[in-house]
Amino acid sequence: MEIDIIGAGIGGLTTAIALEQKGITTRIFEQADELAPVGAGIILANNAMQIYEKLGLRTAIEEKGNPISSMNITSMDLKSLSKVDLSYFEQKYGVKNIAIHRGALQNILLEELNSTGLNLGHALDQIVELDNKWELIFKNGTQTTSSVLIGADGIHSAVRKSIFSKYKIRKANQICWRGVAEIHLPSNYHHELNEAWGKGDRFGFVQIADNKVYWYALKSFKSQMSEFDISEITSYFSQYHPMIKDILAATVPENIYTAEITDLKPTKGWHKNNVCLIGDAAHATTPNMGQGACQAIEDAFILAECLNKYPLDQAFSKFEKLRIAKAHQVVKTSWAIGKMAHISNPFLSKLRNQLMKSMPESMNRKQTEKIFKLETL
């Protein structure tokens with residue numbers, strides 16, 4: 001059996017690695033002409049690191065990243081509102097949350113590939129069904145026949161567009177900036193993620209390597225995303241803690257990435273015959289739980305297990321049954337958190353902060369446990 005993967009993002013590359021380790025031949029088709037180590041940071045939560053431990057990649061990732069032992073929601077002045085102590089899960093599952101540059105993770109995954117054919121500059125144009133197979137037609141003019149197809153091509157998936165007619169991309173009416181700053185943080189911030197909530201905006205930061213800090217900033221908008229000029233980002237967050245201003249000042253403006261926040265409204269299914277969607281193509285989520293890539297990584301491992309254990313006509317159904325409830329719950333919860341984090345009314349935001357402070361740590365741990373626990377076949 002040869003399996004074709006559309007998309008060489010984190011989900012697509014991890015899927016190819018997992019399938020290779022099962023002895024399954026794969027080809028990847030990626031629209032980019034090169035896989036340059038670009039982008040900002042990424043947080044690989046405990047559930048993702050459990051997968052990379054199973055795939056033999058934990059040590060390589062830990063060496064290039066920075067361990068994170070707590071996640072904190074704070075007020076604008078960095079005073080704690082809610083905290084999740086991750087040391088409990090580190091002891092339980094034997095792995096740590098790791099903050100890492102996305103480019104560094106990409107290089108680790110690429111170096112792990114052995115037999116997989118990586119075809120760059122292949123943007124998928126359309127898919128034509130041919131006797132239980134698929135003719136893949138690419139925008140560069142090439143064509144190939146595929147027996148088994150995995151769509152790992154993101155929220156605007158060409159595979160999903162060709163195979164599934166009913167889906168909805170939702171706009172959160174929030175803009176997000178991401179960057180990496182060259183800055184030395186105080187030692188108490190070296191191994192924790194902090195996200196400060198304001199009124200209609202928020203700012204998060206985490207160290208990903210020595211003197212390298214990944215940060216993200218989000219702000220609500222009412223009309224057009226373009227109303228926010230990147231050169232004014234410091235003024236947008238002028239009421240936040242002075243260290244946040246320092247982080248922004250230490251960032252090269254040309255390396256700041258801007259995007260509108262969207263997700264994929266939960267769908268009824270991810271597969272049709274011998275085609276299956278994974279990651280953002282199946283269940284794109286807003287970034288409010290740090291689980292977008294992590295859920296794609298879970299998909300990759302579970303799908304490889306199903307393809308190895310079950311006949312093809314059962315594997316995709318088994319995969320969907322195992323993964324869909326959790327992935328969709330992440331989408332729904334993340335959407336709700338995004339709305340709560342961006343409350344702009346002063347009275348309601350103050351009430352929100354008081355409620356956050358009163359939430360027992362046991363409740364935070366219980367909710368986190370649901371995310372970190374992996375499905376088993």
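Computation of the quantities below employed the complete heavy-atom set of this structure, encompassing side-chain atoms and omitting hydrogens, waters and symmetry-equivalent molecules.
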- Task: Take Lys139 and Asp125, measure what salt bridge (Lys or Arg N to Asp or Glu O under 4.0 Å) needs, and give me the verdict at the end.
- Result: CA-CA 5 Å; Lys139 292 181 180 180; Asp125 187 32; 5.0 Å; no
- Note on the structure: With sequence neighbours left out, the residues meeting ring pair (Phe, Tyr, Trp, His ring centres under 6.0 Å) with Phe203 are Trp215, Phe237
- Does any donor atom in the side chain of Thr286 or Asn288 lie under 3.5 Å from an acceptor atom in the other side chain? yes
- Query: Are Ser220 and Gln174 close enough that a side-chain donor and a side-chain acceptor fall under 3.5 Å?
  - Reply: no
- Note on the structure: Output for pair (Phe89 CZ, Ile371 CD1), nearest 0.5 Å, gives 10.0 Å
- Just wondering, more than 12 heavy atoms not from Glu34 lying within 6.0 Å of its CD? no
- Side chains of Ser69 and Ser87, donor plus acceptor under 3.5 Å: no
- Message: His328: which residues meet the ring pair (Phe, Tyr, Trp, His ring centres under 6.0 Å) condition with it, sequence neighbours left out?
- Response: Trp270
- Message: Can you confirm whether more than 12 heavy atoms, excluding those of Lys79, are under 6.0 Å from its NZ atom?
- Response: no
- Quick one: name the residues clustered hydrophobically with Leu351, using the 4.5 Å side-chain heavy-atom rule over I, L, V, M, F, W, Y, and just say none if it's on its own. Leu355
- Task: Could you tell me whether Gln31 atom CD has more than 12 heavy atoms of other residues or ligands within 6.0 Å of it?
- Result: no
- Query: Would you say the side-chain atoms of Asn47 and Gln291 include a donor-acceptor pair closer than 3.5 Å?
  - Reply: yes
- Kindly indicate, with the supporting measurements, whether the criterion ring pair (Phe, Tyr, Trp, His ring centres under 6.0 Å) is fulfilled by Phe372 and Tyr93. CA-CA 9 Å; Phe372 288 174; Tyr93 294 114; 7.2 Å; no
- Item | Under 3.5 Å side-chain donor-acceptor pair for Asn46 and Gln50 | yes
- Message: We want to know whether Arg160 and Thr267 form a side-chain donor-acceptor pair, criterion being a heavy-atom distance below 3.5 angstrom.
- Response: no
- Ser334 versus Asp263, side-chain donor and acceptor atoms under 3.5 Å: no
- Got a sec, which residues hit ring pair (Phe, Tyr, Trp, His ring centres under 6.0 Å) with Trp335, two or more places apart in sequence or on another chain? none
- Within 6.0 Å of NZ in Lys321, more than 12 heavy atoms from elsewhere: no
- salt bridge (Lys or Arg N to Asp or Glu O under 4.0 Å): which pairs involve residues 179-195, sequence neighbours left out? Glu182-Lys212, Glu195-Arg202
- salt bridge (charged side-chain N to carboxylate O under 4.0 Å, His left out) filter on Glu129, not counting sequence neighbours, yields none
- Message: Check Lys309 with Glu305, please: is the shortest side-chain N to carboxylate O separation under 4.0 Å?
- Response: no
- State whether Glu375 and Arg323 are salt-bridged, where the test is any N-O pair (Lys NZ or Arg NE/NH1/NH2 against Asp/Glu carboxylate O) under 4.0 Å. yes
- Task: Compute whether any side-chain donor of one residue and acceptor of the other, for His283 and Asp299, lie under 3.5 angstrom apart.
- Result: yes
- Within a reach of under 6.0 Å around CG of Asp210, are more than 12 heavy atoms found that belong to other residues, nucleotides or ligands? no
